[in-house]
Amino acid sequence: MRTMNFLKILFPSPFKIHRLVEVLSILLFLVFSGLCLYEFGILSLSVLQDSPWIFLFELVALLFSAYITADFLSGIVHFLGDSFGNEFTPYIGPAFIFPFRDHHVDPKGITRHDFIETNGNNCLISLPILLYCFFAPLESGKFPWARTFWILVLVGIFFTNQIHKWAHQDEPNKFIRYMQKKRWILSPEHHKIHHTAPYDTYFCITTGWWNPLLHKIGFFPGVKKSVNSFLSLLRIG
């Protein structure tokens, strides 16, 4: 009985193939990211014995770099989803573009999404890089800094849409609200700028740390203008 109830929660009626893809994506992401971090943890033991303080400093720098990279990439993906194509775009429209467009129609809709719907797509797009990081052979005798960096970036991306959801909740729990106030994660006040017409700025949604700089230099409007110009050239050609 409990198993059936769990399956009904996991796969609500009517059954959708994309829901199954989301569930499998999250499961695979958690398994392989955990295995990668465990493997890199084992490899770090020898480095820790040789130069522990240098290694810890490098690890903290790596964590910070990965976190701000995840924030920047969240802005790129968010910008693309808001700016190009539509829900009828072949292959990616219904599953990937529609949620971005619908979010501006119903900003609170994300707060009604369960864990699977909130995080499934991020896990799906992360899987190719994650699987490469796991299966590609490691260079003997060296700690895999670059691979560890990308695993940490993917972990940041995994949490991004959950952080975005918290930014739209009226009353997140105290710990989440504390992190929002400290600006360690995206805050409702900061994200509100994106949801103000014309909705063309402040796309980064992990921490939002990149947003003021990218807004000041006109990064996203510049990219949109360049892409539209390139697409126009292709049509003419």
Side-chain angles (χ1 to χ4, degrees), residues 9-30 69-132 153-154 156-168 186 191 193-206 208 210-211 214 219-237:
I9 294 171
L10 204 58
F11 301 105
S13 182
F15 178 79
K16 296 180 179 179
I17 291 295
H18 189 69
R19 176 73 175 194
L20 176 61
V21 171
E22 288 177 324
V23 171
L24 293 175
S25 297
I26 291 174
L27 180 62
L28 289 172
F29 182 89
L30 293 175
T69 300
D71 187 46
F72 181 75
L73 292 177
S74 77
I76 296 294
V77 174
H78 190 177
F79 163 72
L80 293 174
D82 275 9
S83 304
F84 300 102
N86 56 52
E87 60 266 35
F88 302 109
T89 301
Y91 305 111
I92 62 173
F96 292 99
I97 297 177
F98 173 74
F100 286 104
R101 306 301 169 82
D102 184 61
H103 181 58
H104 282 282
V105 176
D106 181 17
K108 289 290 184 184
I110 192 173
T111 65
R112 299 189 292 274
H113 295 172
D114 64 6
F115 182 84
I116 303 296
E117 189 174 358
T118 300
N119 302 292
N121 280 343
N122 281 10
C123 290
L124 179 59
I125 63 174
S126 297
L127 276 177
I129 299 173
L130 176 60
L131 293 175
Y132 170 81
V153 169
L154 295 180
I157 291 171
F158 172 76
F159 283 105
T160 290
N161 222 30
Q162 189 66 49
I163 291 170
H164 182 201
K165 177 179 177 177
W166 289 329
H168 281 282
L186 183 72
H191 189 48
I193 299 171
H194 174 69
H195 282 278
T196 303
Y199 319 107
D200 62 351
T201 189
Y202 278 52
F203 288 99
C204 300
I205 53 173
T206 306
W210 281 98
N211 286 325
L214 297 179
F219 178 79
F220 287 114
V223 171
K224 187 173 183 179
K225 185 177 179 180
S226 299
V227 171
N228 285 333
S229 297
F230 177 71
L231 293 175
S232 296
L233 287 172
L234 288 179
R235 294 189 193 100
I236 293 172

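Hydrogens, waters and symmetry mates are skipped; everything else that's a heavy atom, side chains included, is used.
Side-chain contact between F72 and L214 is present, with at least one heavy-atom pair separated by less than 4.5 Å. For the pair L24 and L20, the minimum side-chain heavy-atom distance is below 4.5 Å. Considering only heavy atoms from C-beta on, F100 stays 4.5 Å or farther from L80 through its side chain. When side chains are defined from C-beta on, Y202 does not count as touching T196, because their heavy atoms never get closer than 4.5 Å. In this structure, E22 and L124 have side chains that are not in contact, with every pair of non-hydrogen atoms separated by 4.5 Å or more. Side-chain contact between Y199 and D82 is absent, with no heavy-atom pair separated by less than 4.5 Å. Using a 4.5 Å heavy-atom threshold, the side chains of I110 and N161 count as touching. Residues V21 and K16 form no side-chain contact, since every pair of their non-hydrogen atoms from C-beta on lies 4.5 Å or further apart.
The closest donor-acceptor contact from the side chain of N86 to the backbone of T89 lies under 3.5 Å. Side-chain N or O atoms of D71 include one that pairs as donor or acceptor with a backbone N or O of W210 at under 3.5 Å. The backbone N or O of I26 lies less than 3.5 Å from no partner atom in the side chain of N119, so there is not a single donor-acceptor pair.
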- request: Kindly indicate, with the supporting measurements, whether the criterion ring-ring contact (aromatic ring centres under 6.0 Å, His included) is fulfilled by F203 and H194.
  value: CA-CA 7 Å; F203 288 99; H194 174 69; 5.0 Å; yes
_As a quick check of understanding, evaluate side chain to side chain contact (heavy atoms under 4.5 Å, CB included) for I205 and T160, giving each step before the final call._
CA-CA 7 Å; I205 53 173; T160 290; 3.6 Å; yes
task = Go through I193 and N211 one step at a time and tell me if the side chain to side chain contact (heavy atoms under 4.5 Å, CB included) criterion holds.
result = CA-CA 10 Å; I193 299 171; N211 286 325; over 6 Å; no
| message | Before you tell me yes or no, could you show the steps for F88 and I97 under side chain to side chain contact (heavy atoms under 4.5 Å, CB included), namely the whole-Å CA-CA distance, both residues' side-chain angles and the distance that decides it to 0.1 Å? | response | CA-CA 9 Å; F88 302 109; I97 297 177; over 6 Å; no
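Closest heavy-atom contact between P94 and P99: O-CD, 3.9 Å. What you find for A95 and N121 is that their closest heavy atoms are O-ND2, 3.0 Å. Nearest heavy-atom pair, C123 versus F158, reported as atom, atom and distance to 0.1 Å: SG-CD1, 3.3 Å.
F84 CZ: more than 12 foreign heavy atoms inside a 6.0 Å radius. Around CZ of F98, the count of heavy atoms belonging to other residues, nucleotides or ligands within 6.0 Å does not exceed 12. Counted within 6.0 Å of CZ on F219, heavy atoms from surrounding residues, nucleotides or ligands total more than 12; the atom is thus considered enclosed.
Using a 30° and 60° split on the angle between ring planes, H168 and H103 fall in the perpendicular class, above 60°.
For T201, the side chain to side chain donor-acceptor pair (under 3.5 Å) test picks out H215, with sequence neighbours left out. The ring pair (Phe, Tyr, Trp, His ring centres under 6.0 Å) check on H113 picks up nothing, with sequence neighbours excluded.
H164 and N122 form no side-chain donor-acceptor contact under 3.5 Å, judged by distance and modelled atom types alone.
By the 4.0 Å N-to-carboxylate-O rule, D200 lies too far from K224 to be salt-bridged with it. Salt bridge status for R19 with D114: present, with a side-chain N to carboxylate O gap under 4.0 Å.
For the atom pair CD1 (I157) and CD1 (I129), the distance works out to 7.0 Å, reported to the nearest 0.5 Å. Distance CD1/I76 to SG/C204: 7.5 Å, rounded to 0.5 Å. With values rounded to the nearest 0.5 angstrom, F159 atom CZ is found 15.5 Å from L186 atom CG.
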